[in-house]
Trainee: 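First the structure, then my questions, so here it is.
Numbered from 1 within each chain, the chains take letters A, B, ... in sequence-line order. Predicted model, so just to flag it, every value in this text is computed and none were measured.
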Amino acid sequence: MSDSLKIENLHASVEGNEILKGLTLEIPKGEVHAIMGPNGSGKSTLSKVLAGNEEYDVSEGTVKMDGVDLLDLEVDERSREGFFLAFQYPHEIPGVSNANFLRAALQARLPKGEEIDAVAFYKTMYEKMDALQMDRKFTGRSVNDGFSGGEKKRNEILQMMMLEPKYAVLDETDSGLDIDALKIVAEGVNRMRGPERGFLVITHYQRLLDYIVPDVVHVMVDGQIVKSGGKELAHELEEKGYDWVTEELAVA
Amino acid sequence: MPDSATLEAVNIDQDEGNFSYPEEYAHDAGYGLNEDTIDFISNVKGEADWIREFRKKALKIFESKPMPTHWASEDLENIKFDDIRYYLAKGQRPTRSWDEVPDDVKQTFERLGIPEKERKYLAGVEAQFDSEAAYSNVKEELEKQGVIFVNSTEGLREYPDVFRKWFGKVIPTGDNKFSALNSAVFSGGSFIYVPPGVKVAHPLQAYFRINAENFGQFERTLIVVDEGAEVTYMEGCTAPKFETATLHSAVVELVAMKDAKIQYITVQNWSNNVFNLVTKRGMAHENAEIRWIDCNIGSRLTMKYPGVIMKGRKARGEVISIALANDGQHQDTGAKMIHAADETTSNIVAKSISVGEGRSTYRGQVHIPKNLKGCKNNTECDALLINSNSRTDTYPAITVRGNQHATQHEASVSQVSEDQIFYMQQRGLSEGEAMSLSVNGFVNDLVREFPMEYSVELKRLIDMEMEGSVG
């Protein structure tokens with residue numbers, strides 16, 4: 001069995017409303033998959049359920065990450081196991097500096113009693129920040145506090161680069177980004193592409209996929225994947241709109 | 001839920017102060033409080049008649065004053081004054097060498113790391129075990145400069161000309177019911193005098209340890225810093241977790257003469273059974289500065305409002321306060337700033353954290369009378385709530401008469417939301433670690449005011465409290 005993030009027949013609801021209705025999807029390690037879909041189709045719910053947000057009840061289905069049952073793990077255990085979610089709306093943590101937060105997150109991955117090497121940590125962090133064209137003063141600023149939309153998204157990618165996950169889900173990372181910021185963020189993601197990592201890029205617009213070119217594009221409607229195809233599917237969707245898919249479904 | 005390794009670590013850490021040794025006391029005043037108790041204490045200490053009279057007068061005032069339950073907390077009714085022992089001592093004089101301290105007492109302070117800290121960064125240490133100091137030492141060079149650092153008994157006996165003039169003057173016996181109680185049965189505490197122009201570079205530290213159950217600790221501290229002199233004093237406190245309530249009721253008076261500076265730092269970590277009812281006030285003369293840096297963690301009920309009376313022109317008063325109220329705890333803290341001269345400045349920054357069922361209250365009083373000019377006050381109080389059952393109240397009372405003053409008041413309440421914790425957990429932090437980090441972030445700007453060693457200690461205490469609060 002090859003390594004993958006494998007979601008099978010996933011059902012999840014919030015406050016009694018079922019949002020995910022038997023979703024099945026497999027992202028083999030080394031590939032970049034994109035999920036597109038109309039508003040309300042359940043894209044963001046999927047990302048939160050995968051991360052383990054307790055607001056959602058999973059009633060059925062399995063999620064296996066390289067064979068490990070993700071749904072059995074706590075939120076933080078999933079993270080330490082190698083699952084990363086770049087948030088659509090990254091939270092602010094007043095008073096906690098970016099550097100301290102990253103350090104705490106990396107420290108949490110070390111065995112008890114082992115301390116992080118501070119010099120190496122700063123060196124790596126500065127390298128990644130340079131790649132994302134982030135000013136070094138961001139290390140001392142509180143996490144996302146007073147950041148612009150673009151700065152927050154760049155910060156998410158910085159965290160991802162520092163934590164080096166096995167699988168990363170990017171939830172509408174393009175929203176609120178101008179074209180320059182979009183290119184920088186995409187460049188950051190592309191640098192991390194490789195055989196040891198899988199990506200799921202959630203987006204409403206095709207624009208992002210010009211810069212992060214996916215291996216597979218899925219269309220999500222009403223809590224299910226209704227169509228999958230190559231990168232050209234994204235262009236088709238952009239041209240014809242989501243109605244095209246739903247109409248096609250109705251015919252079938 | 002934290003993993004088992006976390007739980008294990010938490011258990012060890014939280015029990016750090018939770019140990020006690022068998023009680024063997026040469027002097028035990030017994031349960032309850034009356035004139036005989038006072039005679040017992042005065043006889044053991046071999047006190048001058050004026051002190052004995054001072055105590056007896058205080059007892060009458062204590063008895064005549066009602067409990068302040070009408071504005072504070074009805075929980076005060078649960079203090080059983082008849083079930084408390086007011087004086088417990090082993091009968092030894094404080095030694096200047098840890099080697100001469102009785103074994104069980106020495107082990108207590110070693111477990112709390114006091115001798116180690118002394119070696120590392122302190123200019124002097126006093127360690128009090130129940131009613132009396134067991135150890136008291138100040139670096140030789142300070143002694144040569146005329147710095148006095150002794151306990152209250154010794155201070156009043158050996159240096160009456162230095163201390164008697166100020167004793168009970170900043171906080172009169174009748175200030176409140178608990179200052180009267182302290183005045184009746186006080187024992188231990190630090191009496192410090194710093195001569196003109198002497199700047200004590202390293203902090204002096206006192207450590208207050210309650211070892212016995214059903215006991216009241218009533219230390220009395222008086223710090224007089226002469227013209228142009230400076231000192232930083234730090235106190236730490238712990239007690240084991242007993243089944244029954246323990247009472248800690250201190251009186252702390254500070255006197256800063258012209259151009260003097262006093263910084264008084266408290267990091268208390270009382271167990272949940274301690275009633276902590278403390279009166280602290282300083283008097284700042286011309287161009288003098290008094291800063292209270294106060295961190296309250298633990299206890300069942302803390303009532304503490306450090307104050308500064310700015311008596312001389314251009315005097316400055318400051319209170320920086322952090323209070324953390326966990327389940328079953330009530331932190332009722334604040335500050336009092338009494339402006340009594342022109343161009344005096346006061347600053348209050350209070351941050352409270354309420355966790356679970358914990359309750360925190362800020363109570364502040366700022367008084368600027370009409371006849372003065374050019375006075376300034378800044379008051380900021382911020383509350384952080386963690387989980388919806390917690391409660392916070394703010395009662396700022398700012399009385400400004402006259403129009404030649406500047407005051408500023410800001411208050412905020414914020415919450416650590418589930419979303420914030422989820423975000424942090426997604427990066428790999430456990431729930432407890434995420435809460436610790438949020439709380440540390442909230443108090444971060446105040447923690448910087450603490451000396452390095454204490455800010456580390458404070459962070460550790462917050463981590464312990466937050467880890468323990470995860471259910």
Side-chain angles (χ1 to χ4, degrees), chain A residues 47-56 73-113 140-145 152 155-156 158-160 162-165 168-169 171, chain B residues 1-10 12-13 322 349 351 353 382-387 412-449 455-456 458-459 462-463 466-467 470-471:
Chain A
S47 71
K48 286 180 193 164
V49 169
L50 291 177
N53 192 313
E54 284 178 9
E55 278 176 52
Y56 299 88
L73 302 179
E74 296 289 335
V75 180
D76 51 315
E77 291 170 327
R78 294 181 197 196
S79 166
R80 296 195 296 270
E81 194 65 38
F83 179 83
F84 184 91
L85 170 61
F87 283 64
Q88 185 178 2
Y89 304 108
H91 226 282
E92 294 166 5
I93 314 171
V96 178
S97 73
N98 249 339
N100 275 347
F101 183 52
L102 278 171
R103 207 169 152 159
L106 285 167
Q107 182 70 47
R109 286 160 165 77
L110 293 180
K112 216 176 152 60
R141 283 178 60 182
S142 297
V143 179
N144 296 328
D145 199 5
K152 283 183 182 175
N155 208 27
E156 291 293 284
L158 174 66
Q159 290 175 19
M160 179 175 77
M162 291 298 288
L163 298 179
E164 301 185 321
V169 175
D171 188 5
Chain B
M1 279 292 293
D3 53 45
S4 60
T6 312
L7 281 173
E8 197 178 287
V10 169
I12 291 165
D13 275 344
I322 298 172
V349 185
K351 294 206 176 194
I353 301 127
D382 299 319
L384 183 71
L385 300 179
I386 297 177
N387 135 7
S412 78
V413 178
S414 48
Q415 195 151 19
V416 174
S417 64
E418 304 234 327
D419 283 349
Q420 185 177 334
I421 297 296
F422 173 63
Y423 181 67
M424 296 168 89
Q425 276 190 278
Q426 209 301 306
R427 300 307 184 238
L429 304 178
S430 70
E431 193 180 351
E433 287 166 345
M435 287 211 270
S436 286
L437 205 57
S438 299
V439 170
N440 275 302
F442 174 69
V443 297
N444 191 23
D445 51 341
L446 297 193
V447 171
R448 277 190 221 129
E449 301 289 328
S455 60
V456 171
L458 190 58
K459 187 182 171 306
I462 289 173
D463 287 348
M466 299 317 299
E467 288 281 352
V470 176

Trainee: Which answer fits Phe422(B), side chain, backbone, both or neither, if we ask what part of it has an atom under 4.5 Å from a heavy atom of chain A?
Mentor: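 Both parts, backbone and side chain.
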Trainee: Answer with side chain, backbone, both or neither: which region of Ser417(B) has an atom nearer than 4.5 Å to a non-hydrogen atom of chain A?
Mentor: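 Looking at Ser417(B), just its side chain touches chain A.
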Trainee: Decide whether Asn144(A) and Tyr423(B) meet the rule of one side-chain donor and one side-chain acceptor closer than 3.5 Å.
Mentor: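 Tyr423(B) and Asn144(A) do have a side-chain donor-acceptor pair below 3.5 Å.
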Trainee: Pick whichever of Glu54(A), Lys48(A), Glu156(A) has the most heavy-atom pairs under 4.5 Å with chain B.
Mentor: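 Option with the top pair count is Glu156(A).
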Trainee: Of all residues at least two apart in sequence or in a different chain, which pass the salt bridge (Lys or Arg N to Asp or Glu O under 4.0 Å) check with Glu92(A)?
Mentor: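 Partners of Glu92(A) under the salt bridge (Lys or Arg N to Asp or Glu O under 4.0 Å) test: Lys152(A).
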Trainee: Using every non-hydrogen atom in the two residues, find where Ala108(A) and Gly428(B) come nearest and quote the distance to one decimal.
Mentor: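 That would be CB-O, 3.3 Å.
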Trainee: Rounded to the nearest 0.5 Å, how far apart are CD of Gln425(B) and CD of Glu77(A)?
Mentor: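 Separation between the atoms: 9.5 Å.
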Trainee: Tell me, side chain or backbone of Arg109(A) under 4.5 Å from chain B's heavy atoms, or both, or neither?
Mentor: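 Contact with chain B involves the side chain of Arg109(A) alone.
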Trainee: Under 4.5 Å from any heavy atom of chain B, what part of Pro90(A) do you find: side chain, backbone, both or neither?
Mentor: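 It is both, since atoms from each part get that close.
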Trainee: Roughly how far, to the nearest 0.5 Å, is NE2 of His91(A) from OG of Ser438(B)?
Mentor: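 Spacing of OG (Ser438(B)) from NE2 (His91(A)) equals 9.5 Å.
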Trainee: Check whether Leu163(A) gets within reach of chain B through its side chain, its backbone, both or neither, counting any heavy atom under 4.5 Å.
Mentor: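 Contact with chain B: side chain only.
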Trainee: Could you grab the distance from atom CD of Glu418(B) to atom CG of Asn53(A), nearest 0.5 Å is fine?
Mentor: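 Nearest 0.5 Å value for the CD-CG distance: 8.5 Å.
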Trainee: Do other residues, nucleotides or ligands put more than 12 heavy atoms under 6.0 Å from Tyr56(A) OH?
Mentor: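 Counting neighbours around OH of Tyr56(A), more than 12 heavy atoms of other residues, nucleotides or ligands fall under 6.0 Å, so yes.
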Trainee: Return the option, out of Val443(B), Leu429(B), Asn444(B), Leu437(B), with the maximum number of heavy-atom pairs under 4.5 Å with chain A.
Mentor: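 Most heavy-atom pairs under 4.5 Å with chain A: Leu429(B).
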Trainee: So which part of Asp419(B) gets closer than 4.5 Å to some heavy atom of chain A, the side chain, the backbone, both or neither?
Mentor: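 Answer is both: backbone and side chain atoms of Asp419(B) are under 4.5 Å from chain A.
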Trainee: What residue in Ser142(A), Ala105(A), Pro165(A) has the most heavy-atom pairs under 4.5 Å with chain B?
Mentor: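 Winner by heavy-atom pair count: Ala105(A).
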Trainee: Quick check against the 3.5 Å criterion: does Gln426(B) have a side-chain atom that pairs as donor or acceptor with the backbone of Leu85(A)?
Mentor: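 Side chain of Gln426(B) to backbone of Leu85(A), a donor-acceptor pair under 3.5 Å: yes, one is there.
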Trainee: First locate atom CE of Met424(B), then atom CZ of Phe101(A), and finally report the distance between them rounded to the nearest 0.5 Å.
Mentor: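 CZ of Phe101(A) is found 5.0 Å from CE of Met424(B).
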Trainee: So for Phe83(A), is it side chain, backbone, both, or neither that comes closer than 4.5 Å to the heavy atoms of chain B?
Mentor: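 Phe83(A) touches chain B through backbone and side-chain heavy atoms alike.
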